[in-house]
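Single-structure report; data block below.
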Amino acid sequence: MEELTKEIEKLKKEKNVVILAHYYVNDEVQEIADYIGDSYYLAKAARETDADVIVFAGVSFMGESAKILNPDKTVLMPDMSADCPMAHMADAETIEEMREKYDDLAVVCYINSTADLKCLSDVCVTSSNAVKIVKALPNKNIFFIPDENLGRYVAEQVPEKNVILNKGFCHVHASMTAENVKAIKEKYPDALVAAHPECREEVLSLADYIGSTSGIIDYAAKTDNNEFIICTESGVGYMLKKPNDGKKFYFAGTKHFCPNMKLNTAEKILHVLKTGENEVHVSDEVREGALKPLNRMLELAK
Ligand code: 13P
Ligand code: SF4
């Protein structure tokens with residue numbers, strides 16, 4: 001591993017590369033990344049970097065967004081097949097139907113979506129800014145795509161809006177149940193529950209804290225409690241345990257691994273750095289269409 005890290009470091013300097021990694025990727029990748037964060041933080045980091053090459057250890061919508069925000073930079077993915085199934089769970093026909101039904105509709109698109117879906121949307125959001133952005137929109141009627149659970153959570157926080165939900169879901173978060181959380185709570189009654197808003201309503205109703213991956217990590221670090229039940233993908237464990245302060249984290253359910261995020265490895269990063277393979281390309285037309293809602297998000301989330 002040490003040899004591999006050295007080689008990666010050498011190539012990074014030679015080619016002016018920055019490695020961005022989501023909290024859900026393997027520990028070995030988080031260890032070599034320059035920036036690790038939630039989707040919002042990574043989108044900002046991708047826009048602000050002055051590197052020539054971005055290696056994005058995440059899933060395809062993340063690499064695609066980085067390319068859309070940085071058309072002149074080279075964006076490489078360690079594994080091109082790393083894709084988020086939820087990113088595809090909305091469709092143009094339903095969006096069209098909703099636009100016909102409501103004159104003032106805003107289509108709000110979770111960043112976990114394909115660039116094609118972004119092109120059909122008015123604004124993008126991430127889990128850390130969705131409530132703020134939906135609140136700030138002038139529209140009363142909101143069609144929230146693709147994630148139903150995040151959409152429902154937003155609707156509860158912004159009752160003045162009519163939020164129409166779409167049936168998309170993240171299989172990792174949807175695998176966690178209230179029963180899973182209660183079973184851990186029975187064993188560790190003092191543990192506080194921190195959940196990602198992609199979780200089911202029944203899980204969110206048991207949560208002491210609801211927020212993005214960064215939010216969950218901050219909450220655990222800043223809260224004076226020794227035990228936490230974590231309802232999100234287990235990759236966040238790397239950062240949660242980093243302070244090494246004896247806090248204990250119990251992950252809800254048994255399927256808290258995102259197989260797509262786990263396709264990112266240090267070895268694959270070295271391979272793309274050496275070969276330049278797995279470059280992300282976005283057509284000019286799609287780029288133009290998807291840039292608008294992404295930029296609007298970055299503006300409204302400030
Ligand atoms: P955040 O890191 O923005 O909370 O997103 C979670 C997620 O599921 C990314 O795929
Ligand atoms: Fe998609 Fe869920 Fe994996 Fe995130 S954790 S990339 S939302 S499948």
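Indexing begins at 1, ligand by ligand and atom by atom, following the structure's order. Values below: all heavy atoms of this structure, side chains included; hydrogens, waters and symmetry mates excluded.
Close contacts between ligand 1 and Ser127 involve ligand atoms 1 (P), 3 (O), 4 (O) [criterion: under 4.0 Å to a heavy atom]. Using a 4.0 Å cut-off to heavy atoms of Ser212, the atoms of ligand 1 that qualify are 4 (O). Short contacts between ligand 1 and Thr213, defined as distances under 4.0 Å to a heavy atom of the residue, involve ligand atoms 1 (P), 2 (O), 4 (O). Shown in contact with Asp38 at under 4.0 Å from a heavy atom are these atoms of ligand 1, numbered in order with element: 1 (P), 2 (O), 3 (O). Set against the non-hydrogen atoms of Met261, the atoms of ligand 1 under 4.0 Å away are 10 (O).
For the pair His196 and ligand 1, the shortest N or O to N or O distance falls below 3.5 Å. In terms of polar-atom proximity, defined here as any N/O pair under 3.5 Å, Tyr40 makes no such contact with ligand 1.
A donor-acceptor contact closer than 3.5 angstrom links the side chains of Glu227 and Tyr250. Of the N and O atoms on the side chains of Asn162 and Asn141, at least one donor lies less than 3.5 Å from an acceptor on the other residue. Side-chain atoms of His88 and Asp83 include a donor-acceptor pair closer than 3.5 Å.
Residue-level proximity to ligand 1 for Asn112 is carried by the side chain, the only part with a heavy atom below 4.0 angstrom. With a 4.0 Å heavy-atom cut-off, ligand 1 is reached by the side chain of Tyr24 but not by its N, CA, C or O.
Assignment of Glu233 to the shell around ligand 1 is not supported, since no heavy atom sits closer than 4.0 Å. Under the 4.0 angstrom criterion for non-hydrogen atoms, Ser128 is not in contact with ligand 1. Heavy-atom distances between Met86 and ligand 1 stay at or above 4.0 Å for every pair.
With values rounded to the nearest 0.5 angstrom, Asp218 atom CG is found 10.0 Å from Leu240 atom CG. Separation of atoms CD1 (Ile111) and OG (Ser121) is listed at 11.5 Å; rounding is to 0.5 Å. Note: Tyr23 OH to Ser234 OG = 15.5 Å, rounded to the nearest 0.5 Å.
Within the structure, every pair that satisfies the salt bridge (charged side-chain N to carboxylate O under 4.0 Å, His left out) test and touches residues 263-280, not counting sequence neighbours, is listed here: Glu7-Lys274, Asp79-Lys268.
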Audit row: Arg152, Glu201, side-chain contact (heavy atoms from CB on, under 4.5 Å) steps and yes/no: CA-CA 8 Å; Arg152 188 187 306 104; Glu201 195 175 16; 3.4 Å; yes
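Of the candidates Val53, Ile54, Ile269, Ile269 is the only one forming a side-chain contact (heavy atoms from CB on, under 4.5 Å) with Ile19. Put simply, the residue from Asn260, Thr213, Thr232 that forms a side-chain hydrogen bond (donor to acceptor under 3.5 Å, both in side chains) with Tyr24 is Thr232.
Taking a 6.0 Å sphere around CD of Glu14, one finds it holds more than 12 heavy atoms contributed by other residues, nucleotides or ligands. Within 6.0 Å of NZ in Lys15 there are more than 12 heavy atoms belonging to other residues, nucleotides or ligands. Atom CZ of Phe61 is surrounded by more than 12 heavy atoms from other residues, nucleotides or ligands within 6.0 Å.
Listed by chain and residue number, the protein N/O/S atoms under 2.8 Å of atom 2 (Fe) of ligand 2 are Cys170 SG, with waters left out.
With respect to atom 8 (O) of ligand 1, the closest heavy atom belonging to the protein is Glu198 OE2, 3.0 Å. Ranking protein heavy atoms by distance to atom 3 (O) of ligand 1, first place goes to Ser39 OG, 2.9 Å.
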